Q: 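Here it is, the structure, as structure tokens.
Because the structure is a prediction, the values reported are computed rather than measured. Every chain is numbered from 1, with letters handed out A, B, ... down the list of sequences.
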Amino acid sequence: MNNFKRTLITSALPYANGPVHIGHLAGVYVPADIYARYLRLKEKEVIFIGGSDEHGVPITLKAKKEGITPQDVVDKYHKIIKDSFAEFGISFDIYSRTSSKMHHETASEIFRTLYEKGKFIEQSSEQFFDEEANQFLADRYITGTCPKCNYEKAYGDQCESCGSSLNAIDLIHPKSVLSGNKPVLKKTKHWFLPLDQYEPWLREWILENHKEWKSNVYGQCKSWLDGGLNPRAVTRDLDWGIPVPVEGAEGKVLYVWFDAPIGYISATKELTDDWTKWWKDNDTRMIHFIGKDNIVFHCIIFPAILKAEGSYILPDNVPANEFLNLEGDKISTSRNWAVWLHEYLEDFPGKQDVLRYVLTANAPETKDNDFTWNDFQARNNNELVAILGNFVNRALVLTQNYYHGIIPPAENLSEYDNNVLAELINLKSETEKSIENFRFREALKIAMDMARLGNKYLADMEPWKLIKSDPEKVKSIINISLQIAANLTIVLDPFLPHSMEKLRGLLNIEKLVWSQLGRPDLLETGHKVAKPELLFAKIEDEEIARQVNKLLETKKANEMESAPVKPAKSNIEYDDFAKMDIRIGTIVTAEKVAKTKKLLKLTIETGIDTRTVVSGIAEYFEPEKIIGKQVTMLVNLAPKMLKGIESQGMILMAENEEGTLVFVSPEMKINNGSEVK
RNA sequence: UGCGGGGUAGAGCAGUUGGUAGCUCGUCGGGCUCAUAACCCGGAGGUCAUAGGUUCAAGUCCUGUCCCCGCUACCA
């Protein structure tokens, strides 16, 4: 990294349809912020870019649902997100948004440049159009009957009943969500970026020249490239977004993933008139901090756009993190399964650094990790309080007790003293190495070792004993202990900025820079330090219990809420029902179908014959326990091959909203083959 | 089923280019009493999922198998 003059740090733009949670922080913003603060401490030229991503279909749907405009939605969440980042201490040089004028202009301009250079291919296809609302319909704006399971409220892209992914034009009886009318098929033209043409270049750029990228990033890219890239539409028929700035594109906007990463550029332009040096100078090193769900956009699509444009630099590294889980479950905005940043800041005022510490110490750098409140408490009480806070407090209290807060001189240093001071320099270079390789959890551990070193130094030196026998020696012990504390204000500053500011206050010093780290003379003899004050407070069991209860209540609320009973299907004639031959049968054998999660292979004595049925119930029943059970079964359903086994019928099951299955069984034993009518 | 990631001490996690398997918590024993019952030292606890291969040397590289997570498919 020494070959670069400056560093441009971007962090994924949070989508403005909800607040920010700990998963976003651990994956993207905390590591990006540590990196930015570190480079600033090193007195490097650096800017750190962030902003809200405010376009796309989900925001229009949310607006419609709440009866407000898309602009209202993004205004609301942009404010919450921006304010909570600021209070949390994410040190963006600018936090912008993609609905800004600057962004609209910038994205349009880049699109037009690519258009004029002939970098797009134009393609027309038939899509659904609502004549009353006078607009094309995004997949989510169309409902209809699923061609696979006949569920009547399938969406244009997916059926939520059977889970199949669909094409809107395959829906039976399609209906527009906007007007309720039947949409008509109409030709529409879109612009595609022919990613396939960039494949050889991407292969060389990533697979040959960036082997140092993290294995999850490199692996994902390789898999995309090996699978072959297809042209990707970069425009949409939608009225929320950036209008496509060419003729014949009325009513079309840029695809959200085309415009969002360009938001990094627009934000830079807003920040400084001198923006080209950040984006068009090969001496600038660009780093994208993202989560693993964004890898393809930042490593394949956005670079292809920049390459097509021709005058921009490409990312030097894309340190994507995995996901953070919460108490064993996947974090989910829609299920409210999250620790929201704005709520954390209310519940734990002044404890920004505790969350920063926990999220860094347990960051999902190589695999998905789990956040638990018990771990949060343990790391605060056993590490921040016991190791770091306690060391600082010991040093300050001793200074107060023995010297009234005046720093004594360090003279006649022993070999041990010198070894301790040398270790500071060693810890400095190790911390640097880890940060520069994006291993922040390791870097934090090493930085904390400096506090551990201080505790050990005091324990080994025992100044509280020496004060009686060798008071001269105690002076240098206290001096060195305070020098260690002063070094902590540098090495931990990127990780714990609020606490280090407080510690500088206690030591009564100004902010120091990274190049001073490791020095034994950061504090002058005779300098007066402040009265000791605790750097971190213990977190009590009750506070943790409150948070755990909050989550349990969410879980309960989710179970209640997710129980909408599906509306009745349309009427049928008796003859339709009579076509079905439903019988009582007995399960005589049951075994799991190898390599499947849900399938059981059952042998059923139907009274008519003995037959094989494959049933998707393995998650709810153990094979041994259902043998001998009487079940209801549709026996005249056409056979179907499932995982190489012919299934000759279907067991009737009742299923609730959570997907839990129960048998529909006769309430008392009855002969196999008995008809259900 | 396909793709990606992962399986390392009781729990949660590190382990860079192969070179004595480590950290935090917990646990057991000791020391200390300046410090927020905090700190320091020591012990116990691991066939690094599994089978094979390459190598003087494999947690690390190669191959097969099993299991877990995410997306995907299967739910007659």
Q: Write down the distance separating the C1' atoms in B/U33 and B/C40, rounded off to the nearest Å.
A: 12 Å
Q: Rounding to an integer number of angstrom, what distance separates B/U24 and B/G42 when you compare their P atoms?
A: 12 Å
Q: Report which part of the nucleic acid A/S615 touches: base, sugar-phosphate, or nothing (heavy-atom distance under 4.0 Å, all strands).
A: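 The answer is sugar-phosphate, as A/S615 gets under 4.0 Å only of primed atoms, P, OP1 or OP2.
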Q: Think A/K456 has a side-chain N or O under 4.0 angstrom from the OP1 or OP2 of B/C41?
A: yes
Q: Once you apply a heavy-atom cut-off of 4.0 Å, does A/A378 come out as touching a base, just sugar-phosphate, or nothing?
A: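 No contact.
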Q: Does B/C39 pair with anything, Watson-Crick or G-U wobble, both distances under 3.5 Å, and if so, with which nucleotide?
A: B/G31
Q: Does B/A57 pair with anything, Watson-Crick or G-U wobble, both distances under 3.5 Å, and if so, with which nucleotide?
A: none
Q: Just checking A/I539: base, sugar-phosphate only, or nothing, at a heavy-atom cut-off of under 4.0 Å?
A: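 It contacts nothing in the nucleic acid.
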Q: Grab the two heavy atoms, one from A/L326 and one from A/I22, that are nearest each other, plus how far apart they are.
A: CD1-CD1, 4.3 Å
Q: Determine the interatomic distance between C1' on B/C56 and the same-named atom on B/U27; round to the nearest Å.
A: 40 Å
Q: By nearest nucleotide on RNA chain B, pick out whichever of A/L535 and A/N437 is the more 5' one.
A: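 Residue closer to the 5' terminus by nearest nucleotide: A/N437.
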Q: Could you state the CD-P distance from A/E322 to B/C13, rounded to the nearest angstrom?
A: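 Distance check: A/E322 CD to B/C13 P gives 13 Å.
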Q: May I ask you to evaluate whether A/N369 reaches the phosphate of B/C13, defined as a side-chain N or O under 4.0 Å from OP1 or OP2?
A: yes
Q: Between A/Y402 and A/R452, just flag the one whose closest nucleotide in RNA chain B comes earlier from the 5' side.
A: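 On the 5' side of the pair lies A/R452.
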Q: Heavy atoms only, 4.0 Å cut-off, all strands: where does A/E462 land among base, sugar-phosphate and nothing?
A: sugar-phosphate
Q: Any strand counts, and the cut-off is 3.5 Å on both contacts for Watson-Crick or G-U wobble. Which nucleotide pairs with B/A11?
A: B/U24
Q: Need one value for A/N381: base, sugar-phosphate or nothing, where a base atom within 4.0 Å counts as base even if backbone is also close, heavy atoms only.
A: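 Counting heavy atoms under 4.0 Å across all strands, no contact is made by A/N381.
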Q: If we take the P atom in both B/A11 and B/G46, what is their distance in whole Å?
A: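 After rounding to an integer number of Å, I get 12 Å for this pair.
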Q: Counting the atoms with a prime plus P, OP1 and OP2 as sugar-phosphate, which does A/F536 contact under 4.0 Å by heavy atoms, base, sugar-phosphate, or nothing?
A: base
Q: Is a side-chain donor-acceptor pair under 3.5 Å present for A/K579 with A/N636?
A: no
Q: Report which part of the nucleic acid A/K465 touches: base, sugar-phosphate, or nothing (heavy-atom distance under 4.0 Å, all strands).
A: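 Sugar-phosphate, no base atom in range.
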Q: What is the distance from CD of A/E383 to C1' of B/A14, rounded to the nearest Å?
A: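 My rounded result for the distance is 13 Å.
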Q: Need one value for A/D370: base, sugar-phosphate or nothing, where a base atom within 4.0 Å counts as base even if backbone is also close, heavy atoms only.
A: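 It contacts sugar-phosphate atoms only.
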Q: Take atom P in B/G53 and the same atom in B/A9, then report the distance between them in whole Å.
A: 25 Å
Q: Where does the angle between the aromatic ring planes of A/F438 and A/Y35 fall among parallel (under 30°), tilted (30 to 60°) and perpendicular (over 60°)?
A: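 The arrangement is tilted - the two ring planes meet at 30° to 60°.
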Q: Roughly how many Å apart are B/U17 and B/G10, using the C1' atom of each and rounding to a whole number?
A: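 Here B/G10 and B/U17 have their C1' atoms 34 Å from each other.
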Q: Hey, can you tell me if A/F289 and A/F440 have their rings parallel, tilted or perpendicular (30° and 60° cut-offs)?
A: tilted
Q: Any base atoms under 4.0 Å from A/V397, or only sugar-phosphate, or nothing? Heavy atoms, all strands.
A: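 Sugar-phosphate contact only - A/V397 comes under 4.0 Å of backbone atoms but never of a base.
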Q: For a quick check of understanding: with a heavy-atom distance under 4.0 Å over all strands, which category does A/N455 fall into, base, sugar-phosphate or nothing?
A: sugar-phosphate
Q: Determine the interplanar angle of the A/W257 and A/H298 rings, folded into 0 to 90°, and report it as parallel if under 30°, tilted if 30 to 60°, perpendicular if over 60°.
A: perpendicular
Q: A/K538 near the nucleic acid: base, sugar-phosphate alone, or nothing, with a heavy-atom cut-off under 4.0 Å?
A: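 Since a base atom lies under 4.0 Å of A/K538, the category is base.
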Q: Can you tell me how far the CD1 atom of A/I300 sits from the CD1 atom of A/I206, to the nearest 0.5 Å?
A: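 Here the rounded value is 4.5 Å.
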Q: Rounding to an integer number of angstrom, what distance separates B/C66 and B/C13 when you compare their C1' atoms?
A: 23 Å
Q: Expressed in whole Å, how much space separates the C1' atoms belonging to B/U8 and B/G2?
A: 29 Å
Q: Only pairs with both distances under 3.5 Å count, Watson-Crick or wobble alike; so what is the partner of B/A51 in this structure?
A: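 Pair assignment: B/A51 / B/U63.
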Q: Compute whether any side-chain donor of one residue and acceptor of the other, for A/S476 and A/N479, lie under 3.5 angstrom apart.
A: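 A/S476 vs A/N479: no donor-acceptor pair found between side chains.
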